[in-house]
Amino acid sequence: MLPKDLVLLPHEIKHYEQLDKLAPECTLFLKRDNHAFPIDKPCKVALFGSGARHTYKGGTGSGDVNSHFFNNIEEELELHGFEITTKKWLDAFDKLKEEYSKVFVKRVKREAKEKKMGAPAYSIGQNPNGFEHSLSIEGYEGDIALYILSRVSGEGADRRIEKGDVYLTDKEVEDILYLNKTYEKFMLVLNVGGPVDLTPVLEVNNIFLLSQLGVVTSSVLVNVLLGKANPSGKLATTWAKPNEYPFFEEFGDRDNTRYKEGIYVGYRYFDSNNIKPLFPFGYGLSYSEFIHQVIEYNVDSDLVSLKVNVKNISTHPGKEVIQIYLSKRVEIDNPNNILVAFNKTKELAPNESEVLDISFKLRDFPNYVNDKHAYMLLKGDYLIRCGNCISDLEDIVNLQLDEDVLIKEVKSLDIDTGFIDYSPENKQSLDSSVKTIKLDLKDISGYKVNYVKNYEVTVPEIIRNLTLDELILLNLGDYKTGLAGVIGQAGSLAPGAAGETSLRIKSINSSLCMADGPAGLRLINEYKVNKNGTYHLTEDSILRGVKLYLPSFFANFLDVKKNHKKNGNIIYQQCTAIPIATALAQSFNTSMLYDIGRLVRDEMKLYDIDIWLAPGMNLHRNILCGRNFEYYSEDPYLTGALASSIVSGVEDNSDKMCTIKHFACNNQETNRFNNNSIVSERALREIYLSSFEYVVKNARPSSIMSSYNLLNGKHTSESHKLLVDILRNEWGYKGFVMTDWIVTGQVNDKSSVHPAAHAHIDLINGVNICMPGSKKDIKDIKKALKKGEITRKELENNAAILYQYIIGNKNR
Ligand code: BGC
């Protein structure tokens, strides 16, 4: 519910109400019995769990949004007239949590020391989660009981394979099982950004994946409890026992991350090995039940179109997702099934039906054949399957291809990973009895990519006339010194924004202001301006976290309370926290993502933000990655389709822009600035790059951000192969490329095996602007100019690419 005691701006109300309607689509039941929920009216509730008061609306770090208001679950239930019977427990738990937080801060400081890192930098992304205690939950009355299990993570650190994070604590297990036995109506609510191991509590009858839904998190839970909203999400990532994920125990190497599972990420691994995970990809229960049937299909060249009739056979209105998978039987190994299309019904009333149109082109799902350096549709069988979850599919038709078809021949990336990618021992055989159709793909004319050395544009006079110093400045962001860059607050046009293009060039009187994402716009809520400058009146969440690890003198120095006493006009930047990307993905709803893109664009307009540093598009390679919540899914097609929609929502018919990130293979946070992802060419091209490729081709985002990590031995920001050969030559990208923040070494861990990136090397290899820039970068570029390692022409070309966007000529 909207708070009554705050003055809200019209867009805050509009966007809250919009999200409140949409966000149930991001949630799902993992388990549900048929009688306990929904309940018909507010009642007495026995409320437990750390998320009851400390409800998470999203993860931490730059992916967090400084919300104007947020009701925790306890508050929201009370606003709706529920009576909480467990206040005593919640108060006592709060005290324990406070004590635990102190212990946690000590632990992080100790770990930072052991790793020879500064505690503030090390602390980013370290979050206190579940802990053991002995508080009794017995003896509380309640018509229903809820246990809110919460976990949070954030950039800078990975999740931990320990009790309290991926595993439930002993006390959590004990309490949840007790509640399930004791109360007739009990729901375990998961207020988490990624999977936890539910093995010990699988007997619980009602498990609801609420996820983290931004400002409407608690409200959606209450609406679902009362049956005013019906979850209709499906898992975008497999939930399995941790040690069942492929090469799980190898995750977290400080220096080198070997992607040994190759293309067998997530369901591609489980499904191909007939391993039943706890909850499979694409799975999700709601209050409704549906049946579906493919009533027609058509194959025209490689375009496969299906009509699927879906009927609601329950008494509860709801929505259903239909998923189409492709099962390839060709000479090289392939996952048993890959997702190639999906669609979602409108809300269907009981007994109502809808015919969904679903289509895809085979050429969009080719194999990358190493020895031919080519994307190809190989001769063999292509079985089409349809269902509402990967583990429940029906064979529809088999397409037979008699000859190999070339889609695209490319330049090899010459990768030697030092290992052979995993492939399953048991190859799937084609034992389907469905009809086979011979494919005729003569109209596909494959081609060989033409590579030019650099992506060049015409350099306008204004750029040619810049002094060398000005030109260098335009190749960098408008840097601030010190902490601001490190915590993603280097912008000054909109306080709290992550950065902007240079404001120091007289002849260019315009600049691009960039704010994070992806869970909405991350800005400072309130600030004051007077003739002496700008003063933050509220604290950014990263700063608040870091302060705990600073000596008190510095922490006091950063305190914003004193700014309230200064005179000046107060300016508000109230932005809406939207659901985390993983939750958005669970909606399987592209048009909803488009609408949410529109919502963000409207707030960008209000606060003069030009570029949203979102969406984050890395795959959920391993559930331990601390930033998975900022990313959509383990599946590249789902990621690509949803990210395209949100980018189009922001960018279509508007001067607002998106930055897709982190390009590429930023799948681990441990030693994130200097970790080397070692990935085979096939895995890279078939899964890790294909989601980016999809968005580049379909939504034409204005910009793309290179990642922190190295890829096969080179920082992505320094990789000509990635940023020019692939992005420009193979995909035809016309936007601009920025680095991730401070990749050129301000916080480089000196003991890392791999060095930091260098600004001048970035700028000659496809980066057009180094963010947020620094004095060190200027020195580096000047030195390289002297040595002839970078030329004025190269700097001019970068500046010209960027300049088009600065003057509002979006080249999409
Ligand atoms: C993150 C980016 C973010 C940038 C600016 C970096 O630490 O990796 O995702 O956009 O900061 O805040």
Side-chain angles (χ1 to χ4, degrees), residues 58-66 120-125 153-158 476-480 483-501 512-524 540-543 545-546 575 580-581 600 609-618 625-632 643 657-675 692 701 703-709 715-717 737-749 756-757 767 769-774:
T60 61
S62 61
D64 192 7
V65 163
N66 300 308
Y122 179 74
S123 74
I124 295 178
S153 69
E155 70 174 315
D158 287 308
L476 304 174
D478 200 68
Y479 62 87
K480 277 185 191 164
L483 192 62
V486 181
I487 63 164
Q489 268 199 28
S492 56
L493 293 171
E500 57 226 355
T501 59
L512 297 173
C513 175
M514 313 171 187
D516 270 304
L521 288 180
R522 190 163 75 89
L523 297 173
I524 286 295
D540 179 79
S541 55
I542 301 185
L543 192 59
V546 165
C575 299
I580 57 169
V600 173
I609 305 300
D610 302 293
I611 302 177
W612 188 38
L613 300 174
M617 296 193 44
N618 301 86
C625 173
R627 285 189 100 165
N628 274 356
F629 73 96
E630 293 188 55
Y631 306 145
Y632 291 92
M657 307 177 220
C658 284
T659 301
I660 57 173
K661 66 188 186 185
H662 307 93
F663 190 54
C665 295
N666 192 168
N667 301 99
Q668 176 178 309
E669 288 300 290
T670 303
N671 193 21
R672 62 177 170 155
F673 291 99
N674 298 90
N675 199 284
F692 283 98
S703 75
I704 186 163
M705 186 191 289
S706 60
S707 51
Y708 284 134
N709 55 286
H715 271 284
T716 56
S717 56
V737 180
M738 65 173 79
T739 63
D740 199 347
W741 267 232
I742 58 173
V743 67
T744 54
Q746 283 182 49
V747 291
N748 186 29
D749 177 350
V767 162
I769 178 166
C770 287
M771 290 302 299
S774 65

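Atoms within each ligand, like the ligands themselves, are counted from 1 in listed order. Here the structure is a predicted model, which means the values were calculated and not measured. Every heavy atom of this structure was used, including side-chain atoms; hydrogens, water molecules and symmetry mates were not.
- Heavy atoms of Glu630 stay at 4.0 angstrom or farther from ligand 1.
- Per-residue contacts place Ala498 under 4.0 angstrom from the following atoms of ligand 1 (heavy atoms of the residue considered): 5 (C), 12 (O).
- Heavy atoms of Met771 found under 4.0 angstrom from ligand 1: none, in either backbone or side chain.
- Short contacts between ligand 1 and Leu613, defined as distances under 4.0 Å to a heavy atom of the residue, involve ligand atoms 10 (O).
- Ligand-side atoms of ligand 1 in range of Lys661: 2 (C), 3 (C), 9 (O), 10 (O), range being under 4.0 angstrom from any heavy atom.
- The aromatic rings of His662 and Tyr631 stand perpendicular to each other, their planes meeting at an angle above 60°, with 30° marking the opposite boundary.
- We find the CD1-SG distance between Ile611 and Cys513 to be 8.5 Å, quoted to the nearest 0.5 Å.
- Closest to atom 4 (C) of ligand 1 among all protein heavy atoms lies Asp740 OD1, 3.6 Å.
- Listed by number with element, the atoms of ligand 1 under 4.0 Å from a non-hydrogen atom of Glu155 are 1 (C), 6 (C), 7 (O), 8 (O).
- With sequence neighbours left out, Thr501 forms a side-chain contact (heavy atoms from CB on, under 4.5 Å) with Ser511, Leu512, Met514, Ile769, Leu802, Ile806.
- At a 4.0 Å heavy-atom cut-off, ligand 1 touches Arg672 through the side chain alone.
- Cys665 contributes atom SG, which lies 11.0 Å from atom CG of Asn675 (distance to the nearest 0.5 angstrom).
- No part of Glu669 comes within 4.0 Å of ligand 1, judged by heavy-atom distances.
- Considering backbone and side-chain N/O atoms, His662 comes within less than 3.5 Å of an N/O atom of ligand 1.
- In this structure, SG in Cys770 is found 12.5 Å from CD1 in Ile742, a value given to the nearest 0.5 Å.
- The distance from atom CG of Asp516 to atom SG of Cys575, rounded to the nearest 0.5 Å, is 11.5 Å.
- Contacts with ligand 1 closer than 4.0 Å are made by side-chain heavy atoms of Met705 only, the backbone lying farther away.
- Screening Asn674, Thr744, Asn709 against His715 for a side-chain contact (heavy atoms from CB on, under 4.5 Å) leaves a single residue, Asn674.
- The shortest side-chain heavy-atom distance between Ser492 and Glu500 falls under the 4.5 Å cut-off.
- In terms of polar-atom proximity, defined here as any N/O pair under 3.5 Å, Asp516 does make such a contact with ligand 1.
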